[in-house]
Amino acid sequence: VQYHKLFKEVSREELLLKSYTCALQRDMLYQGKMFVSDNWICFHSKVFGRDTKISIPVPSVTSIKKTKTALLVPNALVIGMASCQHMFVSFLSRNTTYKLLKSVCLHLEVEKTCNSSLASSCENSFSMTCSSALPLDFSDLDGVVKHRRQEMMESSSSDSQTPDYDQMNDFHLADTFLGAVKSGELSVHADVHLQTSSQKHHSGTAAMGLPRCSADPAKVQTLQPASLHALLLVYLVLVGVLVLSSCYMAFKISALEHRLNSLASTAENIHSGRRSAAAQRSQSHINAQIYGELSTNLFTLEKIQKNLQKLLEEA
């Protein structure tokens, strides 16, 4: 019910197969849910009150690929279309989601099988044409090679120039090749022409002093673990720097707390000292008032005593 309320373009008769919690990666991560049905792959997110909806028809999907976030975490899928592609991350079970999407997008498997069948048919036709183009009788070719060698020797002797040793080497290779074919040691196949042409190309580049480009599969395979080790090393260095910085911040915070506590204790001591001084001042003032009152009372008592003595004397 929620699926059809969110996406009005999906018909009511289409049933929801599965929903997955994930996030859409754009300029930021939009956390939400992916809804998968027979004909639609939809995504809905509501971040900071903003609705983000994506509706992808299954026939418009051109590719579904597994990828990694931060080059290490395998929890992302890329769904490609003719116009754009969307990257979904933070899957709890990426393989399960990938299998379901592959089972829904059956046209991708059909296209893959068609492409593979076309490639195999092209390879077969190419091999057949090459094998049919190869001559099976090498007698004519042998005569041509001998005639060409004789012409080159005559031209070099008549012109009194040094012969072309590269072409002589080519004729020697041609003789060796013809002898091997005649003796049955070498099979006639289209790959022979491809190999000899590639060898001639490499020998020509070596003779000209050009660098030879060769892709060694062992080196290519060793480059991938090396790059992975470098990434892991960088990651570990960053983690170590973060740990050290957090320890330093904790030390600074504890030092500031200790300093604040010491300042609070000194302020309390100063306040208590001021209170005691004020109390002493008030006590001395009270004592002075009491002493004054006592002195006045004693003075009045002396006067009364004198008056009584006078009265006694007169009596």
Side-chain angles (χ1 to χ4, degrees), residues 6 18-36 41-56 61-102 105 108 211-270:
L6 290 172
K18 196 73 176 177
S19 63
Y20 299 99
T21 302
C22 60
L24 175 66
Q25 184 171 358
R26 285 182 177 173
D27 52 350
M28 60 177 289
L29 289 179
Y30 295 91
Q31 191 68 34
K33 274 189 176 184
M34 177 185 286
F35 301 91
V36 182
I41 301 171
C42 302
F43 176 80
H44 174 257
S45 172
K46 189 171 185 179
V47 179
F48 302 117
R50 178 184 175 185
D51 285 332
T52 302
K53 295 181 182 180
I54 295 175
S55 301
I56 304 173
V61 177
T62 57
S63 63
I64 300 173
K65 297 179 182 178
K66 295 180 182 179
T67 185
K68 298 178 182 179
T69 56
L71 300 176
L72 293 173
V73 185
N75 64 345
L77 289 174
V78 177
I79 299 176
M81 296 186 294
S83 59
C84 62
Q85 64 180 6
H86 302 286
M87 184 174 180
F88 300 97
V89 299
S90 301
F91 284 101
L92 296 177
S93 179
R94 184 189 66 172
N95 293 329
T96 306
T97 310
Y98 179 76
K99 289 179 181 178
L100 180 62
L101 293 176
K102 279 289 188 180
C105 301
L108 298 178
R212 182 176 176 180
C213 298
S214 62
D216 193 357
K219 292 181 180 179
V220 174
Q221 290 179 359
T222 55
L223 285 176
Q224 294 179 356
S227 62
L228 185 60
H229 289 314
L231 289 174
L232 287 174
L233 183 61
V234 171
Y235 182 73
L236 290 175
V237 169
L238 291 176
V239 169
V241 170
L242 289 174
V243 170
L244 291 176
S245 62
S246 61
C247 293
Y248 178 73
M249 292 299 291
F251 174 73
K252 294 293 288 183
I253 288 169
S254 62
L256 288 173
E257 287 181 351
H258 181 69
R259 190 172 179 181
L260 287 173
N261 291 328
S262 62
L263 289 174
S265 61
T266 53
E268 188 175 355
N269 291 329
I270 292 169

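Count residues from 1 along the sequence. What you see is a predicted model, and the numbers here were worked out from it, not measured in a lab. Scope of the values below: all heavy atoms of this structure, side chains included, with no hydrogens, waters or symmetry mates.
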Revision key, fill the gap. Rounding to 0.5 Å, atoms CG (Leu24) and OG1 (Thr52) come to a distance of 7.5 Å
Review point. Rounded to the nearest 0.5 Å, how far apart are OG1 of Thr266 and CG of Asn261?
Key: 10.5 Å
Distance-only donor-acceptor hits, side chain of residues 242-253, under 3.5 Å, sequence neighbours excluded:
| residue | atom | partner | partner atom | Å |
| --- | --- | --- | --- | --- |
| Ser245 | OG | Val241 | O | 3.1 |
| Ser245 | OG | Leu242 | O | 2.7 |
| Ser246 | OG | Leu242 | O | 3.2 |
| Ser246 | OG | Val243 | O | 2.6 |

Indicate every side-chain donor-acceptor pair of residues 76-91 with a distance under 3.5 Å to a residue at least two apart or in another chain.
none

**Study point:** Spatial distance of atom CG (Asn95) from atom CG (Asn75) [nearest 0.5 Å]
**Key:** 11.0 Å
Check your understanding: Is there side-chain contact between Lys18 and Thr97, with at least one heavy-atom pair below 4.5 Å?
Key -> no
Practice item. Count the heavy atoms of every other residue, nucleotide or ligand shown that sit under 6.0 Å from NZ of Lys102, and state whether that count exceeds 12. Key: yes
Review point. Any sub-3.5 Å donor-acceptor pair from Ser45's side-chain atoms to Gln31's backbone N or O?
Key: yes
Revision key, fill the gap. The reported gap from CG in Leu228 to CG in Leu233 (rounded to nearest 0.5 angstrom) is 11.5 Å
**Study point:** Ile64 side chain reached by Cys105 side chain, heavy atoms, under 4.5 Å
**Key:** yes
Review point. Minimum heavy-atom separation for Phe35 to Ser19, with atom names?
Key: CD2-CB, 3.9 Å
Practice item. For the residue pair Lys53 and His44, establish whether any side-chain heavy-atom pair is separated by less than 4.5 Å. Key: yes
Check your understanding: Any side-chain heavy-atom pair from Val61 and Ile56 closer than 4.5 angstrom?
Key -> yes
Review point. How about Lys66: does its NZ atom have over 12 heavy atoms from other parts shown lying under 6.0 Å from it?
Key: yes
**Study point:** Rounded distance (nearest 0.5 Å) linking atom CD1 of Ile54 with atom CZ of Arg26
**Key:** 4.0 Å
Point to revise | Flag side-chain contact, heavy atom, 4.5 Å: Pro74 against Arg94 | key: yes
Point to revise | Close side-chain approach of Lys68 and Val73, heavy atoms under 4.5 Å | key: no
Point to revise | Close side-chain approach of Leu72 to Leu232, heavy-atom, < 4.5 Å | key: yes
